[in-house]
Protein chains: 2
Amino acid sequence: MKKSDINSTEIARLAGVSRSTVSRVINNYSNVPAETRDKVLKVIAEHNYFPNASAQVLAGKRARTIGLFLIEQGRVSGDILTNMLIVSVIEHASEHGYYVLTHIIRDAKDTEMIQNVREIFFQRRIDGGIFIGADNREPFIEQLVDEGFVIGVVDQELPEHPEPNRIVSNFNNDSGMKQTVAYLSGLGHTQIGAINGDMNRLSGRTKHEGFKQAMGMCGLTINPDWVLDGDFNETSGYESIQALLARKIGLPTAIVAANDSVAFGAIRALKEHGIRVPDDISIIGFDDHALSEKHHPALTTIRVDMSEMLKRMTSFLIALIEQKPLAMKEITMECSLVVRDSCRRI
Amino acid sequence: MKKSDINSTEIARLAGVSRSTVSRVINNYSNVPAETRDKVLKVIAEHNYFPNASAQVLAGKRARTIGLFLIEQGRVSGDILTNMLIVSVIEHASEHGYYVLTHIIRDAKDTEMIQNVREIFFQRRIDGGIFIGADNREPFIEQLVDEGFVIGVVDQELPEHPEPNRIVSNFNNDSGMKQTVAYLSGLGHTQIGAINGDMNRLSGRTKHEGFKQAMGMCGLTINPDWVLDGDFNETSGYESIQALLARKIGLPTAIVAANDSVAFGAIRALKEHGIRVPDDISIIGFDDHALSEKHHPALTTIRVDMSEMLKRMTSFLIALIEQKPLAMKEITMECSLVVRDSCRRI
DNA sequence: CTGAAAGCGCTTACAG
DNA sequence: CTGAAAGCGCTTACAG
């Protein structure tokens, strides 16, 4: 019932060596003869001894912990994507012997919340942190980078002269957006609208830029009435369509949504007005959300490998923490069209 | 670019007091005059000082971290429920000023994985841990309890003489199961089958017991051919129905699934064989999974408040860690029927 | 190859 | 009300 309170002094005594030697064995120093090592390891195993992490860190070792910071607006967080992200980071960190301290930031502009995040870094609980869902160039993250902490940010611009302690990762949103327009154009659509994502996020901007460029390349003109504001949420997709319908102007024959959640919301609004997808209007998403395949209609979208991206981000971050040479500071992942049932030929 | 490496000695010097006093201010000792306190706090704020967590822990303070251990079989973990659990624990721990170290256990019988978990406790990285998805009386968890660690286990039996360092939480599965049978019985069903959950889990057993009892109370007999094995996964629901259909015996008019995932799998298998739900057979689930409402047909099920349960579990665990008096060692949550479209009157 | 000793940055009796 | 000092459990130059 009593917690075994054995420490390195005790192990040293039982093995008949000094604490220095015990420490050398634990830290795999090469200058310990096999015999001594085995003797010490035996005592360690017999007594269920694990070195106290705080003492190790205080003595200069790494915390072997990375922070995972999820910036999620107030909304309920039953998101399946979020879960994939978390699990991906945890599992890959684990493979490197690292632990993950997850923290949720409900409002990245709230001073107190920012202070909580800073505290985690300054208290040295973590060796580095990954941020997901941040605005591009979010000031408090920039500050942490300036302060020298090892930081990885998903969906973020890499500065022209990147600091050695910063890495970013992105999908090739430009390519993805061009694929959506190319596909719709191929189906004969010329009247194509878009629901934008959050323009404070890098992906919101690059997707919109990609859309504009692709429309031009395909010789199509953009009708500003059909370019709707959104913020990557289901609700924003729903509301943007409601607003569009309320204006009682003509509809495009196809809409490119900034992501699948937005597409779901848009389809929900359309359905409520008796407008059928894809019979009356085609909708294409972005992300290939876990639900898109099961959605009615099954959503045509751009597939993106979040799990793999976070895996790479985690490995890169750990490499950076351990000061291993890193080939690059930016991870870019390709993405590609998945055709399902939400778009039709015109 | 250089990390500010200020410590309490430096703060003390700048404030013109001793480190003892700085520590007293940080730890809210009552015997520090307001003037001294303010002077110190000012210096702390000016210099972005946060006490080193490792040093605090080593000196005897709590790590203010709880471990969240998810036991999930090898399968892909894009589960929306898992995400709710994680987020619920993180947010409520955060409210108490605690951090969460999440760890995934792919195989609770693997010695190395168990050792990894033990390490986290023995290294004193965490003050206590919550386990989700464990078998009832999982040996390695029992051992951690014996070793005196503060442990909370979801879906677990409380021993007759509970240790002071153990808490458990459960849904009233018995009640839930009785509601499913009562509802089906009310719809006129007499030929009711069941797909069991994992019988190593407490909920698997209590749901099955509840089913048997409820059938008896409603004066219905159980046909053993219609009581199928399962393990709480979509796949097991699918496979159990495939196996049943392969036997080419009669079907029940209704099936109670151990949870919604199992129900989804069962419906998928039935659909593949052209058997319609609810027209040809009624299916009722358990959990009210986030997808159940959007499922075709929308799933009739038992609603359970996972998020609230984990919230309570987290609060209880922290109370236990802080040695606050705890009214009870077991959390039991009620659950109730949600009628949708997957069952029909006979 | 190995031990004695200093040091990591805190907290907290202890003494005044 | 406050400071000097011991102690938490490690690691790692340093010396031999």
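Order of the sequence lines sets the chain letters (A, B, ...), proteins ahead of strands, with each chain counted from 1. Because the structure is a prediction, the values reported are computed rather than measured.
- Note on ring orientation: taking the six-membered ring where Trp is involved, the planes of A:Y99 and B:H103 are tilted (angle from 30° to 60°).
- The side chain of A:N31 contributes no N or O atom lying less than 4.0 Å from OP1 or OP2 of C:dC1.
- Under the side chain to side chain donor-acceptor pair (under 3.5 Å) criterion, A:T102 pairs with no residue, sequence neighbours left out.
- Phosphate proximity of D:dT11 to A:Y29: absent, as no side-chain N or O sits under 4.0 Å from OP1 or OP2.
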**OP:** List the protein contact pattern of nucleotides 3-9 of chain C with one symbol per nucleotide (5' to 3'): B for base contact, S for sugar-phosphate-only contact, - for none; contact means a heavy-atom distance under 4.0 Å.
**Re:** BBB-BBB

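- Nucleotide D:dT2 holds its C1' atom 14 Å from the CD atom of B:E35, rounded to whole Å.
- There is no side-chain donor-acceptor pair under 3.5 Å between A:Q115 and A:E119.
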Original post:
When Watson-Crick pairs (N1 to N3 and N6-O4 or O6-N4) and G-U wobble pairs (N1-O2 and O6-N3) count only below 3.5 Å on both distances, what is the dot-bracket string of DNA chain D, with | for other-strand pairs?
Top reply: |||.||||||||.|||

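- Of the candidate nucleotides D:dT12, C:dT11, C:dT2, C:dT2 has the atom lying nearest to any side-chain atom of A:P33.
- Between the CD atom of B:Q123 and the P atom of D:dT11 there is a distance of 11 Å, given to the nearest Å.
- Separating the CD1 atom of B:I11 from the P atom of C:dC10 is a distance of 9 Å, rounded to the nearest angstrom.
- For B:R62, there are no salt bridge (Lys or Arg N to Asp or Glu O under 4.0 Å) partners, not counting sequence neighbours.
- Considering only residues two or more places apart in sequence or on other chains, B:E330 meets the salt bridge (Lys or Arg N to Asp or Glu O under 4.0 Å) condition with none of them.
- Within the 4.5 Å cutoff, the side chain of B:E322 has heavy atoms near those of the B:Y98 side chain.
- With sequence neighbours excluded, the residues forming a salt bridge (Lys or Arg N to Asp or Glu O under 4.0 Å) with A:R312 are A:E308, listed by chain and number.
- Computed from coordinates, the B:N27 CG to C:dA13 P distance equals 12 Å when rounded to whole Å.
- Side-chain N/O atoms of A:R118 and B:N48 include a donor and acceptor closer than 3.5 Å.
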